[in-house]
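These notes concern the structure reproduced below.
In what follows, chains carry the letters A, B, and so on, assigned in the order in which the sequence lines appear, proteins first and then strands, with residues in each chain numbered from 1.
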There are 2 protein chains.
Amino acid sequence: MVYTEKRIEHALRQGGYKITPQRRTIINAVINSHEHLTPAEIHGRVRRENPGIGLVTIYRTLEILASLNLICEMHAGGNCRSYLMRRPLEHHHHLICSDCGTVIDFTDCNLGELERRLSKETSFKISGHLLEFVGQCRKCRGKTLVGQDINA
Amino acid sequence: MVYTEKRIEHALRQGGYKITPQRRTIINAVINSHEHLTPAEIHGRVRRENPGIGLVTIYRTLEILASLNLICEMHAGGNCRSYLMRRPLEHHHHLICSDCGTVIDFTDCNLGELERRLSKETSFKISGHLLEFVGQCRKCRGKTLVGQDINA
DNA sequence: TACTAAATGAAAAAGATTTTCAATTAGCAC
DNA sequence: GTGCTAATTGAAAATCTTTTTCATTTAGTA
């Protein structure tokens, strides 16, 4: 399940934001991709449809969408920021290659119990969590000469 | 348990790198902090001890330490990159209040099994993870009127 | 002590992101 | 539909962060 254009526009209006053609185009670009896209990549896609659109508008729109919790902002290797449509009923976690930045998504995690315990111990009302594993993917592991892990 | 300066220097030499005063200072700065530090923050701390040291050297040293798996490179909100000494046997997690920013640390999490499974399924060599819960602390919970989440 | 490859710092370059500001436009009242 | 107003846009400039280049210095070793 993914947010539809309608639902997103509704959420924008609710938040007091206007629906502009630029925003529509950006939203569609994000909806229609299942990958993480950087602002520059989104700009590239959006320009195909609307060549005049500026990178600044991409940044501004993404910021709004993220603040409304409609998209998920990610930070991974290199430079650095990327966005993905949120899929409301799923969790969305990442396994990131620290060398090449490849991101693998996974949705299952068994943090329910931990969350309950923390919540009880701290009196927090927990609304979400971020879980990221970092490591080396198979390809990058191959490239490294040494695997000296002084932990071993 | 934390890497000691000695062990780190050993690992550097093993990797064919020289031990310079600059590198020592940087390593100590990272060892002596339990927080995630950005390169700029590390530069700030290191300068107190060695004012001449350049930011470039920080970047270069951090890159080496990360490639040797001695520190853990993280990417999180904003700008963006930060580093933390790897503490092989400990984890370091946060519970953050989204309103006032209070951070509560906790170290236990039962992600070992998930990590093993992910590792197996993806052929990643997982070197660390970041786990953050976000919510409202007791105080802020009192203050808020609305909790509009279109997911609900 | 001298040698050599590696490391350093300064400056410049390259990117990413944010700010500023004048011009345009969406949404609303009429 | 028309006009109004605040929000939005795009261009340019400003800020940051990170990387590259290059001449100089230095750690490690013979």
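Distance, B:I58 CD1 to C:dA10 C1': 15 Å, rounded to whole Å. Rounded to an integer number of Å, the gap from CG of B:N50 to P of D:dT25 is 16 Å. Here C:dT24 presents its P atom at 16 Å from NZ of A:K18, a figure rounded to the nearest Å. Residue A:E41 contributes atom CD, which lies 10 Å from atom P of C:dA16 at whole-angstrom precision. Atoms CD1 (B:I27) and P (C:dA7) sit 12 Å apart, rounded to a whole Å. Protein atom OH of B:Y59 is 16 Å distant from nucleotide atom C1' of C:dA11, rounded to whole Å. Straight-line distance from the CD1 atom of B:I64 to the P atom of D:dT19: 13 Å, rounded to whole Å. Atom-to-atom, CD1 of A:I19 to C1' of C:dG27 comes out at 11 Å; the value is rounded to the nearest Å.
Nearest heavy atom pair, residue B:V46 against residue B:A29, reads CG2-CB, 3.8 Å. Of all the heavy atoms in A:R138 and B:S123, the pair that sits closest is NH2-OG, 3.3 Å. Between A:I31 and A:T4, the closest heavy-atom pair is CD1-C, 4.0 Å.
The side chain of B:R23 contributes no N or O atom lying less than 4.0 Å from OP1 or OP2 of D:dA27. Phosphate contact (OP1/OP2 of D:dT26, side-chain N/O of B:Q22, threshold under 4.0 Å): absent. Contact between the side-chain N/O atoms of A:R60 and the OP1/OP2 oxygens of D:dT8 is not found at any separation under 4.0 Å.
Closest-nucleotide positions on DNA chain D for B:R24 and A:T20 were compared, and the one nearer the 5' end corresponds to A:T20. Of the two residues near DNA chain D, B:A40 and B:P21, the one whose nearest nucleotide lies more 5' is B:A40. Place B:V56 and B:Y17 on DNA chain C by their nearest nucleotides, and B:Y17 ends up nearer the 5' end.
Residue B:E49 places its CD atom among 12 or fewer non-hydrogen atoms of other residues, nucleotides or ligands, all under 6.0 Å distant.
None of A:R24, A:R23, A:K18 except one satisfies the salt bridge (charged side-chain N to carboxylate O under 4.0 Å, His left out) rule with A:E9; the exception is A:R24.
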